Structure formats: structure tokens, C-alpha cells
Amino acid sequence: MTHDEQGHRVVVLGAGYAGLLTAKRLARRVCRSGVSVTLVNGESGFVERIRLHQVAAGQTVTDLPLARLLAGTGAELIVGTVTGIDLAGRKVRVGEKMIGYDTLVYSLGSMTGVDGVPGAAEHAVTLSGPAAARQLATRLRALDERRGTVVICGGGPTAIEAAAEFAESYPDLTVRMITKGGPGASFSPRAGRYIRKQLDRLGVEVTADAEVARVEPDGVALVGGVRVRADVTVWCAGFTVPALARHIGLAVDAAGRILVDQTLRSVSHPDVYAVGDAAAASGRWGDALAYGCRSGGFTGPYAADTVAARLTGRATEPFRFRYFHQCISLGRRRGLIQFVRGADDSPKWSILRGRLAALYKEAVSSSAVWLMRHPGPYLR
């Protein structure tokens, strides 16, 4: 049966933490009532983005085929890259194919931003996906054998986790971090001291309060003229979203995230919903949620329920969210859990650290995949 022969057509773009949960939950709710749910994704497998630093450290991460994760839900999977969206005609271009929709859920996520510093796009590598992470692992393994140097630009969770993992997995590799502030500057002073202590223990060399002026083939140049040599530069300095939403005419904020109402519906195109990092969902937390699965993943189940409610004529409730924690692995044996205030994500004094924090972080990371594999009551 073709899309045009079916009833209401829901198309979900992107199978990250938010998009996959949207498709699974919505399909289980509506596919038996004549509604079709199609999930479009650029890869055939679910990418555990929060584990890409482990892949780059040479560790094996379980393959999670999307077809298997969607089995039994009624959702259709199309593997391909979205190259355009016709909002007026309600069609999505995937390669040379046009897919019609009545409701579109936009969940194309975010990626590491490399356009703000000259040379970053050309000469730095990012943890942008499994293939890039595996290629980096090959390079780091070779560099470890000849005692080479990797420079990590950034001081946030991704940079900290990568630095700790690389230093632990490649003991003869020199690992350097360059940060505008200190590593983990957004955490409490107590948490920041622990992060720095663990990086020191692992031998990570930190250049704090430094700004990268440009990335070069063999290192980085800092503002002020100092050059830092590197065999590989890994860029972990912030996130951005694809320009597609802006280019096709959706209302977006200054960062390019789609402006939505309290039900995650586009303020300019009511047949479009945005979830995950693609959405500028405002609330008591500010103009948008923090990037990442710890916040974005909650938008997927909510959007599924809201779309299902509207298709069946039921009332909807506004999206609600509160922050709880930030989790960081510091190698395989230690971690840090920074508990935060629910409204604004600001750090509390309380933290969890060490081996117990590593187990806590692993449990949180694994729970996301458990939800993907086992719908259970949460996804019915």
C-alpha cells in the first residue's frame, strides 16, 4: 500500500533519542486505527551518541539496527538522507524519492559546530557518528604506538569524557585539552575540582582560559599567538543544528532551532512538530532546553502522545520538564554526577563521584537503550 492510499500520514525525520521514541510510541498508539507512521533516518542503526567517545577509544559498542527496534510497532523505516522539505506541498525529499505527509515530526538533531573557528571544519575531527569515531580510533591507536599527541578543543562534558577515555585507553598517547574556562566550568566548584583531579590522575594536560584562533593541519593556534602542536585535533566545542529548518521557511530562533508552542508544534506551520535538539522549546527553563538526550529524549514521548491525542480528538497538555542531573564518565572506572536545580539546570552543591558515579552513569546510559528495545508500559 502506498502512502497516498493510506489514511493520515505521519513522517518522523531522524532516529535519535527523541525521534526514535516518537516513532515507536506513536506507532503503537495509532497504526491500528489507519494512521501510518514512517521513520526516516540517514543510517540503518540507532546511534548511541553518548558512547561515541568509547568507540573512539577502541571499545566495542552493541549494534542496534533500527529495523529490529521498530519490529512489531507498525512503523515503516526508510533509510536515506533528507535533502529537502516542501512545506506547502507536504512532501519530504529523501534522495530522489518524495514522501508525502499530513503531520511531520522534525527530529534531525544537532551536531558539533565547526564553523565558528577558521580551519576547524577542514583540519579537526569530530565525534559525529560511528564511522568517524571508528576512524579516529584507528588513528589514535597508531599514535599511541608512536607516542603521538591528540589535542581536544572544548571543556564541556563531551570534551571531558573524550579526554579521560583516550588517556585511559591509550596510555602512551599525550592527551591535551584546550578550554576557554576550566574543564567543567558549568559545574559546581566542588565538581570542577574533582574533574580536574581525575584528569590530572590520567595524565591529561589542560590549557585553561585559552581560546583557539584557528585550527591548522598540525595543531592549533591560540589567541595571542601561542601554537599547540597536535597529530590529531578533536573538536568538541559546542553544538549547532542543520540549516535545513531555516532554509525551508520554518520559524526558527537565532541558533536555527524550530520555534514551537507549548505542545511542541511549529509556530509557523501547525502540521509540523519539532522534538529533541531541533526544537526551541521554551518554559521555566528558558528559551530552549539544553542540547542532549537528557532533555531532548523527553520531548519524543510527549510529542507522540500529543499527535495521537489530536488525531483522536482528545485534549492535550502542555509540555513539562525539569532537569535532574548531569552525568560524566571519567574513564571506565570513575565518574561524576552533578545534581542540578530542576528549573534552570544550575548546579547544586551535591555530587556523586568515583566508582559509584561510574555505575550510576552507565545505568542512565543503558536505560535509554532499554527503552528503545523494550517498549513496556512507558511506550504503550
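No experiment lies behind these values; they were computed from the predicted model shown.
A salt bridge does not link Asp231 with Arg139: every distance from a Lys NZ or Arg NE/NH1/NH2 to an Asp or Glu carboxylate oxygen is 4.0 Å or more. Between Arg51 and Glu165, no side-chain nitrogen of the basic residue sits less than 4.0 Å from a carboxylate oxygen of the acidic one, so the salt-bridge criterion is not met. A salt bridge does not link Asp86 to Arg93: none of the charged nitrogens lies less than 4.0 Å from a carboxylate oxygen. Using a cutoff of 4.0 Å between basic side-chain nitrogens and carboxylate oxygens, Asp218 and Arg229 are not scored as salt-bridged. Note on Asp305 versus Arg310: no salt bridge recorded, every NZ/NE/NH1/NH2 to OD/OE distance being 4.0 Å or above. Under a 4.0 Å N-O distance rule, the pair Arg9/Glu76 does not qualify as a salt bridge.
A cation-pi geometry, defined here as NZ or CZ lying under 6.0 Å from the six-membered ring centre and within 45° of its normal, holds between Arg190 and Trp349.
Between Phe339 and Phe324, the two ring planes are perpendicular [angle over 60°; tilted spans 30° to 60°]. Relative orientation of the Phe321 and Phe319 rings is parallel, given thresholds of 30° and 60° on the angle between their planes.
Using a 4.5 Å cut-off on side-chain heavy atoms (C-beta onward), Glu362 and Leu359 make no contact. In this structure, Leu87 and Leu250 have side chains that are in contact, with non-hydrogen atoms separated by less than 4.5 Å. For the pair Val117 and Val114, the minimum side-chain heavy-atom distance is 4.5 Å or more. In this structure, Val215 and Glu122 have side chains that are not in contact, with every pair of non-hydrogen atoms separated by 4.5 Å or more. With contacts defined as side-chain heavy-atom distances shorter than 4.5 Å, the pair Val11/Val105 does not qualify. Side-chain atoms of Val204 and Phe166, non-hydrogen and from C-beta on, never get closer than 4.5 Å to each other. At a threshold of 4.5 Å between non-hydrogen side-chain atoms, the residues Val150 and Val234 count as touching.
Under 3.5 Å, the side chains of Glu205 and Thr174 contain no donor-acceptor pair of N or O atoms. For the residue pair Thr233/His123, the side-chain donor-acceptor check at 3.5 Å is not satisfied. A donor-acceptor contact under 3.5 angstrom links the side chains of Ser110 and Arg49, judged on distance only.
For the side-chain hydrogen bond (donor to acceptor under 3.5 Å, both in side chains) test, residues two or more places apart in sequence or in another chain that qualify with Arg214 are Glu216. Here Tyr17 pairs with Phe46 under the ring-ring contact (aromatic ring centres under 6.0 Å, His included) rule; sequence neighbours left out.
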Practice prompt. May I have the step-by-step check of side-chain contact (heavy atoms from CB on, under 4.5 Å) for Tyr273 and Thr103, ending in yes or no?
Written response: CA-CA 8 Å; Tyr273 291 78; Thr103 296; 3.8 Å; yes

Worksheet item: Taking it one step at a time, do Trp235 and Thr112 satisfy side-chain contact (heavy atoms from CB on, under 4.5 Å)?
Response: CA-CA 8 Å; Trp235 195 260; Thr112 304; 3.8 Å; yes

Item to complete: For side-chain contact (heavy atoms from CB on, under 4.5 Å), just list the numbers for Ile50 and Cys293, CA-CA rounded to whole Å, side-chain angles, deciding distance to a tenth of an Å, and then say yes or no.
Response: CA-CA 8 Å; Ile50 56 177; Cys293 64; 3.8 Å; yes

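The nearest pair of heavy atoms linking Ala213 to Pro118 is O-CD, 3.4 Å. The nearest pair of heavy atoms linking Cys236 to Thr158 is SG-CG2, 4.1 Å. Across all their heavy atoms, Thr299 and Ala18 have their closest contact at OG1-CB, 3.9 Å. Here the closest non-hydrogen pair linking Leu39 and Gly19 is CD1-O, 4.2 Å. Nearest approach of Ala56 to Leu127, heavy atoms of both residues: CB-CD2, 3.8 Å. Between Lys91 and Tyr101, the shortest heavy-atom contact is N-CE2, 3.3 Å.
The number of heavy atoms from other shown groups lying within 6.0 Å of CZ (Arg146) is above 12.
Under the 3.5 Å distance criterion, the side-chain polar atoms of Ser268 are matched with a main-chain donor or acceptor of Ala251. Looking only at distances, a side-chain donor or acceptor of Arg341 sits under 3.5 Å from a matching main-chain atom of Pro347. Put simply, the side chain of Arg227 never gets that close to the backbone of Leu222: no donor and acceptor are under 3.5 Å apart. Put simply, the side chain of Lys24 gets close to the backbone of Leu69: a donor and an acceptor are under 3.5 Å apart. Using a distance-only test at 3.5 Å, with no hydrogens or angles considered, no donor-acceptor pair links the side chain of Thr22 to the main chain of Ala304. Judged purely by atom type and a 3.5 angstrom limit, Gln338 uses its side chain to pair as donor or acceptor with the backbone of Lys348. Asn41 places no side-chain N or O within donor-acceptor distance of the main-chain N or O of Val79, the cut-off being under 3.5 Å. A side-chain donor-acceptor contact under 3.5 Å links Tyr194 to the backbone of Gly354. Arg265 contributes a side-chain N or O that, together with a main-chain N or O of Pro270, makes up a donor-acceptor pair within less than 3.5 Å. Not a single donor-acceptor pair under 3.5 Å links the side chain of Ser366 to the backbone N or O of Ala363.
Of the listed residues (Val175, Ile195, Leu199, Ile152), just one forms a side chain to side chain contact (heavy atoms under 4.5 Å, CB included) with Val206, and that residue is Leu199.
Under a 4.5 Å side-chain heavy-atom cut-off, the cluster of Ile, Leu, Val, Met, Phe, Trp and Tyr residues that includes Val241 is completed by Phe239, Tyr291.
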